[in-house]
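Have a look at the structure below, then the notes.
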Number of protein chains: 2
Amino acid sequence: MAVEVLHSGVLEAIGAEITGGVLPAGAVLTLEQIQQRFGVSRTVARETMRSLEQLGLLTSRRRVGLVVRPSSDWMVFDPRVIRWRLAGPGRLGQLRSLTELRAAVEPVAAAAAARHASPDEVDALLAVSARMRELGEAGRLEEFLAADVEFHALLLRAGRNEMFAALTGVVAEVLAGRTRHGLMPSRPRAEALDAHDAVAAAVRSRDPEAAERAMTVITTEIRAALGDLH
Amino acid sequence: MAVEVLHSGVLEAIGAEITGGVLPAGAVLTLEQIQQRFGVSRTVARETMRSLEQLGLLTSRRRVGLVVRPSSDWMVFDPRVIRWRLAGPGRLGQLRSLTELRAAVEPVAAAAAARHASPDEVDALLAVSARMRELGEAGRLEEFLAADVEFHALLLRAGRNEMFAALTGVVAEVLAGRTRHGLMPSRPRAEALDAHDAVAAAVRSRDPEAAERAMTVITTEIRAALGDLH
DNA sequence: TCTGCCACAAAGATGCGACCTTTGAAACCC
DNA sequence: GGGTTTCAAAGGTCGCATCTTTGTGGCAGA
């Protein structure tokens with residue numbers, strides 16, 4: 001990340017504008033405009049355009065320009081798109097739909113983890129859930145968030161399914177988003193800590209059903225917390 | 001697809017080689033090689049490289065070249081990556097992981113559809129499930145597949161959750177993949193047809209739990225069919 | 001001989017400007 | 001008025017020049 005190339009800056013700017021609704025579907029850009037606005041060469045403008053095209057944010061048409069596509073065409077699983085949307089208006093809706101996805105996948109992933117996790121992964125899960133309890137009870141929210149992310153990442157990877165593992169980034173964004181938007185109690189609830197312990201314990205005892213149930217407790221609580229914001 | 005630009009051809013070729021394992025993780029390409037091998041300009045080689053980079057298939061490092069990344073870094077939700085992998089070796093593993101994802105998401109999506117589907121969508125679901133029965137009993141597999149894809153696409157969209165809707169392409173690929181690989185009986189099983197009807201009926205009567213149960217019947221059957229191939 | 005610093009070169013990153021190709025749309029003809 | 005032709009706008013491709021980063025090998029000192 002350190003040495004981000006030129007192209008990225010332009011991408012970030014336009015990507016945020018499109019996902020944030022500043023540039024609505026149907027709006028038209030041209031390479032020329034991009035070059036002038038950002039003071040970059042055609043090469044860079046073109047590469048940026050290609051990136052945006054791959055994200056489904058726009059399509060390029062000869063003689064017309066770069067046309068912004070409707071949100072239904074966006075690649076909403078892409079981490080960048082998720083980040084932009086969580087940073088813009090409509091972030092609550094985004095958080096809600098992501099949370100529903102989590103609620104669907106994570107229980108099943110927990111069951112898979114109970115079947116396939118390696119001994120090392122089991123140990124790591126237990127260790128992280130213990131750490132979550134310490135940090136949570138000490139009110140160290142920053143570190144608690146990091147541990148929470150690690151817990152879910154471990155679990156998703158332990159299921160030995162690359163599609164689940166690929167959702168690690170999504171879950172991390174959701175967790176971070178919750179914290180950023182004050183949807184977390186100042187001290188994690190004891191039920192949440194217990195549920196994480198229960199998931200880890202179920203994985204250790206190779207009990208898929210128990211793991212699934214315990215994870216469902218977690219996702220249900222999260223959905224409830226989001227629901228309160230209606 | 002008609003007017004494919006140059007850049008796409010190169011992308012397809014290299015993308016397929018990487019995802020197919022011809023170019024293993026750690027392999028190194030250079031822009032120069034790409035230019036010569038495909039007879040394209042540096043611009044095209046660069047744009048291709050950017051595309052592959054966004055898909056997580058490789059990273060570019062100065063003084064080194066374009067390094068192929070391990071499969072754990074690939075954006076496995078991207079439709080192109082899915083298509084390439086289903087076309088190459090390891091397609092069965094890919095089909096299996098995608099099916100697990102479906103099994104996790106679709107029941108929840110069915111429940112969401114029961115809550116949020118519009119009257120038009122309900123009608124469409126009922127119509128398509130009826131059509132599936134006709135086509136299935138007539139043994140017209142091609143058309144049956146198309147109707148099947150439409151059914152699941154409708155359902156995913158009706159849940160009013162963009163993340164679910166974004167999985168339409170994944171489901172379509174899985175269904176098509178099953179048919180292509182002879183995992184479908186020559187005549188769809190009556191239980192499957194009944195289950196689709198049951199999902200549609202549950203959505204009509206706004207019964208999320210019933211919709212979820214009925215969809216679980218479908219996904220369970222599919223997983224069983226895949227399991228037989230061990 | 002081993003260690004560390006430095007210069008060189010390889011390969012990507014960026015920039016430019018010319019020319020090609022497609023295509024929307026206006027001008028024109030029947 | 002409708003179909004056809006012409007034109008120009010905007011992306012697509014190209015090749016080359018220059019800049020920047022960084023791996024590597026060589027040289028010098030301990």
Side-chain angles (χ1 to χ4, degrees), chain A residues 1-15 17-18 22-70 73-75 80, chain B residues 1-15 17-18 22-70 73-75 80:
Chain A
M1 276 296 121
V3 200
E4 265 325 322
V5 283
L6 228 185
H7 149 257
S8 321
V10 185
L11 205 177
E12 287 293 319
I14 302 185
E17 285 180 11
I18 294 179
V22 178
L23 291 171
V28 175
L29 303 174
T30 67
L31 288 177
E32 184 80 17
Q33 286 170 25
I34 296 177
Q35 289 185 59
Q36 302 204 344
R37 175 171 161 199
F38 295 94
V40 296
S41 72
R42 188 180 179 79
T43 310
V44 173
R46 279 184 62 69
E47 282 179 11
T48 304
M49 178 275 288
R50 277 272 189 259
S51 297
L52 293 166
E53 194 173 35
Q54 288 214 24
L55 295 178
L57 300 191
L58 53 76
T59 57
S60 84
R61 288 164 55 196
R62 292 196 186 202
R63 167 66 212 231
V64 175
L66 314 172
V67 185
V68 176
R69 296 173 72 177
D73 292 341
W74 300 348
M75 308 215 32
R80 276 164 302 194
Chain B
M1 280 300 116
V3 200
E4 266 325 322
V5 283
L6 235 185
H7 152 255
S8 319
V10 184
L11 203 174
E12 288 293 319
I14 302 184
E17 283 179 13
I18 295 177
V22 179
L23 292 171
V28 175
L29 304 174
T30 67
L31 288 178
E32 185 80 18
Q33 287 170 24
I34 296 177
Q35 289 184 60
Q36 300 204 344
R37 174 171 162 202
F38 296 94
V40 296
S41 73
R42 191 173 184 77
T43 308
V44 173
R46 274 183 68 65
E47 284 179 10
T48 303
M49 179 275 289
R50 277 272 192 260
S51 296
L52 292 166
E53 195 173 33
Q54 287 216 20
L55 294 177
L57 299 191
L58 52 77
T59 58
S60 83
R61 286 165 54 195
R62 293 193 187 204
R63 169 66 214 231
V64 175
L66 313 171
V67 186
V68 176
R69 298 172 71 177
D73 292 341
W74 300 347
M75 307 215 31
R80 277 163 303 195

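In what follows, chains are A, B, ... by sequence order, proteins preceding strands, each numbered from 1. Both backbone and side-chain heavy atoms feed into the values below; hydrogens, waters and symmetry mates do not. Not measured: the values here are computed from a predicted model.
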For atom [atom1] of [X] and atom [atom2] of [N], their distance in whole Å:
X: Phe38(A); N: dT14(C); atom1: CZ; atom2: P; result: 15 Å
X: Gln35(A); N: dG15(C); atom1: CD; atom2: C1'; result: 10 Å
X: Arg61(A); N: dT21(C); atom1: CZ; atom2: P; result: 21 Å
X: Glu32(B); N: dA11(C); atom1: CD; atom2: C1'; result: 9 Å
X: Glu47(B); N: dT14(C); atom1: CD; atom2: C1'; result: 14 Å
X: Arg42(B); N: dG17(C); atom1: CZ; atom2: P; result: 19 Å
X: Met49(A); N: dA10(D); atom1: CE; atom2: P; result: 14 Å
X: Leu66(A); N: dA10(D); atom1: CG; atom2: C1'; result: 9 Å

Ignoring backbone atoms, test whether [X] places a side-chain nitrogen or oxygen under 4.0 Å from the OP1 or OP2 oxygen of [N].
X: Thr43(A); N: dC16(C); value: no
X: Arg46(B); N: dA13(C); value: yes
X: Ser60(B); N: dA11(C); value: no
X: Arg63(A); N: dC20(C); value: no

Which distance, rounded to the nearest 0.5 Å, do you find between the [atom1] of [X] and the [atom2] of [Y]?
X: Leu58(B); Y: Leu66(B); atom1: CG; atom2: CG; answer: 5.5 Å
X: Leu31(B); Y: Gln33(B); atom1: CG; atom2: CD; answer: 9.5 Å
X: Ile18(A); Y: Trp74(A); atom1: CD1; atom2: CH2; answer: 7.5 Å

Subject >> Closest listed nucleotide, where the reference is the side chain of Thr30(A) and the choices are dG11(D), dC14(D), dG24(C) >> reply: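 Looking only at side-chain atoms, Thr30(A) lies closest to dG11(D).
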
**OP:** Answer yes when Arg50(B) and Glu47(B) have at least one side-chain N-carboxylate O distance shorter than 4.0 Å, and no when they do not.
**Re:** no

**OP:** Check every strand shown and say whether Ile34(A) touches a base, only sugar-phosphate, or nothing at a heavy-atom separation below 4.0 Å.
**Re:** nothing

Original post:
DNA chain C: Ser41(A) or Leu31(B), which has the more 5' nearest nucleotide?
Top reply: Leu31(B)

**OP:** Please evaluate the base of dT21(C) for a donor-acceptor partner in the side chain of Arg62(A) within a cut-off of under 3.5 Å?
**Re:**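 When only heavy-atom distances are counted, Arg62(A) does reach the base of dT21(C) through a donor-acceptor pair under 3.5 Å.
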
Original post:
Taking the side chain as C-beta and beyond, is there a heavy-atom pair between Ile14(B) and Leu29(B) under 4.5 Å?
Top reply: yes

